[in-house]
Amino acid sequence: HGVVVGVLRLVLYLPENHSLKGKRAVLRSIKQRVANKFNVSIAETDDQDSWQRVVLGVAQIGNERDHVDRSLREVSEFVAGLGLAEPGEETYDFDNY
């Protein structure tokens, strides 16, 4: 089979937020909750200086693309369900090794 690496790029919006400090608190909460529930890597990947926009990268490694894909989609649904930020666009990329 080999190894499948899946990456989810998730854009979130914080329309009520007015400071980087507020953004960091929301970001910390999202990252911690995702890390506690899912076996994935998660990091802020872009727009670090924007108060109202968060870009997250989430990576999952496995040996079946379907499993990796399903896992990343569950993360996206979980983040949306937290209600801490408005979901924006999401993109999925997969590589085989």
Side-chain angles (χ1 to χ4, degrees):
H1 274 302
V3 176
V4 179
V5 177
V7 177
L8 162 63
R9 182 177 180 273
L10 189 58
V11 179
L12 304 171
Y13 296 97
L14 306 169
E16 304 303 313
N17 186 51
H18 301 292
S19 71
L20 281 177
K21 186 177 178 183
K23 175 185 176 177
R24 279 195 301 270
V26 171
L27 193 55
R28 197 167 34 249
S29 179
I30 290 172
K31 285 169 55 178
Q32 197 169 35
R33 289 160 99 167
V34 167
N36 287 345
K37 186 166 173 61
F38 300 93
N39 187 19
V40 296
S41 294
I42 181 168
E44 184 178 17
T45 58
D46 205 352
D47 285 341
Q48 283 92 341
D49 295 331
S50 167
W51 295 355
Q52 298 184 328
R53 187 170 189 264
V54 176
V55 182
L56 292 175
V58 182
Q60 167 82 33
I61 298 174
N63 56 7
E64 292 181 8
R65 182 183 163 137
D66 286 350
H67 170 73
V68 172
D69 181 60
R70 195 166 45 251
S71 202
L72 291 174
R73 290 180 192 281
E74 284 176 12
V75 170
S76 178
E77 288 172 20
F78 176 77
V79 170
L82 291 174
L84 296 172
E86 290 181 13
E89 56 273 15
E90 55 190 62
T91 55
Y92 296 84
D93 286 304
F94 299 93
D95 273 314
N96 295 294
Y97 294 94

*With a 4.0 Å cut-off, would you call D69 and R73 a salt bridge?*
yes
*At their closest point, which heavy atom of L10 faces which heavy atom of S76, and how far apart are they?*
CD1-OG, 3.8 Å
*Evaluate whether atom CG of N39 has more than 12 neighbouring non-hydrogen atoms of other residues, nucleotides or ligands under 6.0 angstrom away.*
no
*asked:* If hydrophobic clusters are built from ILVMFWY residues whose side chains come within less than 4.5 Å, do F38 and I61 share one?
replied: no
*Go through L8 and I42 one step at a time and tell me if the side chain to side chain contact (heavy atoms under 4.5 Å, CB included) criterion holds.*
CA-CA 9 Å; L8 162 63; I42 181 168; over 6 Å; no
*Find out if a path of hydrophobic residues (ILVMFWY) with successive side-chain heavy-atom gaps under 4.5 Å connects V55 to V26.*
no
*Taking every non-hydrogen atom, the tightest pair across L12 and A85*: CB-CB, 3.8 Å
*May I have the step-by-step check of side chain to side chain contact (heavy atoms under 4.5 Å, CB included) for L56 and I30, ending in yes or no?*
CA-CA 10 Å; L56 292 175; I30 290 172; 4.0 Å; yes
*asked:* The test is side chain to side chain contact (heavy atoms under 4.5 Å, CB included); show your working for F94 and V5 and say whether it passes.
replied: CA-CA 6 Å; F94 299 93; V5 177; over 6 Å; no
*Would you find more than 12 non-hydrogen atoms of other residues, nucleotides or ligands less than 6.0 Å from E89 atom CD?*
yes
_Which residue is it: V4, L72, V75? I am looking for the one with a side-chain contact (heavy atoms from CB on, under 4.5 Å) to Q60._
L72
*Rounded to the nearest 0.5 Å, what's the gap from NE2 on H18 to CG on L14? Could you check?*
10.5 Å
*asked:* On a heavy-atom basis, which atom in L84 and which in S29 lie closest, and how many Å separate them?
replied: CD1-OG, 3.5 Å
_Using a 3.5 Å distance criterion without hydrogens, assess whether the side chain of Q52 forms a donor-acceptor pair with backbone atoms of Y13._
no
*asked:* Using a 3.5 Å distance criterion without hydrogens, assess whether the side chain of D93 forms a donor-acceptor pair with backbone atoms of V7.
replied: no
*asked:* How long is the straight-line distance from CG of D95 back to CZ of R65, given to the nearest 0.5 Å?
replied: 9.5 Å
*Between the side chain of K23 and the main-chain N/O of V54, is any donor-acceptor distance below 3.5 Å?*
no
*In terms of hydrophobic clusters joined by side-chain contacts under 4.5 Å, are V11 and F78 together?*
no
